[in-house]
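Read through the structure below, which is laid out as structure tokens, and then see the notes.
All values below come from the heavy atoms of this structure, side chains included, with hydrogens, waters and symmetry mates left out. As the structure is a prediction and not an experimental result, all values here were calculated from the model. By convention in this document, chain letters (A, B, ...) are assigned in the order of the sequence lines, proteins followed by strands, and residues within each chain are numbered from 1.
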Amino acid sequence: MHDIRWIRENAAAFDKALGRRSLDDQSRKAFSSANLLAIDERRRAAILQFEQAQARRNAASKEIGAAKKNKDEAAAAALMAEVNALKDRLPALEAESKSAEEELNKLLATIPNLPLAEVPDGQDEHGNVEHHKHGAVRNYSFTPKQHFELGEALGMMDFETAAKLSGARFVVLKGQLARMERALGQMMLDVHTQEHGYEEINPPLLVSDDAMFGTAQLPKFEDDQFFAADSSSLTQMAGQIADMLDKLDASGEELLAIEKAALQGSRRWLIPTAEVPLTNLVRESIIDESKLPMRLTACTPCFRAEAGAAGRDTRGMIRQHQFTKVELVSITTPEQSNAEHERMLASAEAVLKKLDLHYRVVTLCAGDMGFASQKTYDIEVWLPGQNMFREISSCSVCGDFQARRMNARYRGKDNKPAFVHTLNGSGVAVGRALVAVMETYQEADGSIVVPDALAPYMGGMKKIERKA
RNA sequence: GGAAGGGUGGCCGAGUGGUUUAAGGCAGCGGUCUUGAAAACCGCCAGAGGGGCAACUCUCUCGUGGGUUCGAAUCCCACCCCUUCCGCCA
């Protein structure tokens, strides 16, 4: 969320930076400082009128108190008449200032963060710039298979049964592959807690609307999310809707609005990433500067509707409705955040280095970055079976963009509260790490060599093979 | 789910319709004293949003939203959350 006062004072810089994002023409117009500041003007004028009326009401009420004390009933009655007249005007003035405020906030809530100056220009993933590479493509004496071919042949990866239980984009892992996925998560948590100073958190997986707004999954990306509602509330809701239908001749659109409003109280969102609960840990609070930076990590399932990904990565575990991910979150001061970003990237890379996987780091261009990000590094791991790099981590610095939405502040030396900076990154995606290990460590016979770093987490096992 | 109690500034806590313009304490910041520190003493110290070149000033916020009233932290209604007990439950 942007600060309207900052936009007021830096209108040209705002327009220029936002212009580097890829936006459609309609958004470009709506998000222009000219449009925002026009609404802001209206808002401030309305506030001024409303508050002046309130000020007079308050002053007159005090005068009434004084008049009554002096037994001057005539003066009191005259003042009461004045206040009553004033009170007729107040609701309209309040409505006006509230609606202007709401209009501005609704618009601000859908404007993406501004890219930092050093972020490269570009419209989409083709504009991304390689930062550095680690390792090299291995030589195989055979044609490497894709992970799902390997997993299905081993009898430990079952998409068909998963479809029976849950539909497309789910998987059942069995036996040693299930264990290896667990081992990967354990190993990553140990690396981050023991070597990188992150605190392990076991957060809720169902979160409120407010939490989802705080990290900016809402309102704009509602379609990518799953939610859960308790059944009894839904039954109640159905009753309410039925009652309302009797009273009004509702159109389809109105019905949907009623349904959404009724749902709002009872629903919880399934987290699309542990970034949401971890970052919101500091929402609506003022943290002492001595507690910063806070470094948090969690290994959780993540849930994504993948609404816009029809037809993409339909085979295998690359794009699932449910996957496991180890997440890293840092809460810092504004001064520390960029250095923390580099540190977080290094922490994520350390995991891939331990697994001895080939990868590259790319700096996302302005047009390809996520909504809340100021600057993003993606780590892409080499998949021999797919013969290409695939994203396995994304590390972003968000500045005060999320902090403003969450109202998360710290108190520094000058004793004034200021918004914290937030960062998040995968450290790393566990499902995709399993894919990378399987494809990288496969043998000609379809077995998978267990990387040394993982062996202690798998009871010293050296190799995953099909049961005889 | 039922019953009872509670929610006041960063924290603790007083406050039952009009000098509350939210007391007091803790923590924090600045100072005096000290070789330095501690203690003691003095001062400052909630947040957000408006107006003003500025000095300054106004509005809102006592869990949230409504209501009563000339006037609400205080009275009424609804909801949320916390604590304790009971029930159910992994």
Open item on the list: Quick check: closest heavy atoms across A:H192 and A:G427, and the distance to 0.1 Å?
Closed with: NE2-O, 2.6 Å
When the [atom1] atoms of [M] and [N] are compared, how many Å lie between them, rounded to an integer?
N      : M      : atom1 : result
B:rC70 : B:rU84 : P     : 44 Å
B:rA22 : B:rC81 : C1'   : 23 Å
B:rU16 : B:rG71 : C1'   : 16 Å
B:rC26 : B:rA39 : P     : 12 Å
B:rU57 : B:rA38 : C1'   : 43 Å
B:rC11 : B:rA46 : P     : 14 Å
B:rA73 : B:rG1  : P     : 32 Å
B:rU59 : B:rU21 : P     : 12 Å

Measure [atom1]/[X] against [atom2]/[N] and give the value in whole Å, please.
X      : N      : atom1 : atom2 : result
A:D288 : B:rC29 : CG    : C1'   : 12 Å
A:E289 : B:rG10 : CD    : C1'   : 15 Å
A:E284 : B:rC11 : CD    : P     : 12 Å
A:R411 : B:rA46 : CZ    : P     : 9 Å
A:I286 : B:rG47 : CD1   : P     : 7 Å
A:E101 : B:rA48 : CD    : C1'   : 10 Å
A:E41  : B:rG51 : CD    : P     : 8 Å

Are OP1 or OP2 of [N] and a side-chain N or O of [X] less than 4.0 angstrom apart?
X      : N      : result
A:R44  : B:rG51 : yes
A:R43  : B:rG49 : no
A:R409 : B:rA48 : yes

Open item on the list: Going by ring-ring contact (aromatic ring centres under 6.0 Å, His included), name the residues that satisfy it together with A:F371, two or more places apart in sequence or in a different chain.
Closed with: A:F221, A:F401
Task: ring-ring contact (aromatic ring centres under 6.0 Å, His included) partners of A:H341, counting only residues at least two apart - done: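 Only A:Y377 meet the ring-ring contact (aromatic ring centres under 6.0 Å, His included) criterion with A:H341.
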- [ ] Please list, chain by chain and in numerical order, all residues satisfying side-chain hydrogen bond (donor to acceptor under 3.5 Å, both in side chains) with A:N424, sequence neighbours excluded.
- [x] A:E275
- [ ] List for me each residue that meets side-chain hydrogen bond (donor to acceptor under 3.5 Å, both in side chains) alongside A:T215, sequence neighbours excluded, and say none if there are none.
- [x]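 Result, side-chain hydrogen bond (donor to acceptor under 3.5 Å, both in side chains) vs A:T215: A:Q217.
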Task: 5' priority, RNA chain B, between A:D40 and A:K416 [closest heavy atom] - done: A:K416
Task: Pairs touching residues 291-304 of chain A that satisfy side-chain hydrogen bond (donor to acceptor under 3.5 Å, both in side chains), sequence neighbours left out - done: A:R295-A:E340
Open item on the list: Counting primed atoms plus P, OP1 and OP2 as sugar-phosphate and everything else as base, spell out the protein contacts along nucleotides 55-82 of chain B at 4.0 Å heavy-atom distance: B, S or - for each nucleotide, 5' to 3'.
Closed with: ---BBS-----S---BS-----------
Open item on the list: Before we go on, tell me: are the rings of A:F303 and A:H321 under 6.0 Å apart, centre to centre?
Closed with: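 Centroid separation for A:F303 and A:H321: 6.0 Å or greater.
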Pair assignment for [N], Watson-Crick or G-U wobble, requiring both distances under 3.5 Å:
N      : result
B:rG87 : none
B:rA40 : B:rU32
B:rA55 : none
B:rA22 : none
B:rA72 : none
B:rU61 : B:rA46

TODO: Ignoring hydrogens and angles, state whether a donor on the side chain of A:R56 or A:N58 is under 3.5 Å from an acceptor on the partner side chain.
DONE: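 Absent: no donor and acceptor within the cut-off.
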Task: Residue pairs passing the ring-ring contact (aromatic ring centres under 6.0 Å, His included) test where at least one lies in residues 10-64 of chain A, sequence neighbours excluded - done: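 Matches after skipping sequence neighbours: A:H2-A:F14.
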Open item on the list: A:E9: which residues meet the salt bridge (charged side-chain N to carboxylate O under 4.0 Å, His left out) condition with it, sequence neighbours left out?
Closed with: none
Open item on the list: With the threshold set at under 4.0 Å for non-hydrogen atoms, list the residues of residues 1-13 of chain A touching RNA chain B in residue-number order.
Closed with: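 Those residues are A:R5, A:R8.
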Task: Residues A:R169 and A:E306 bridged, charged N to O under 4.0 Å - done: no
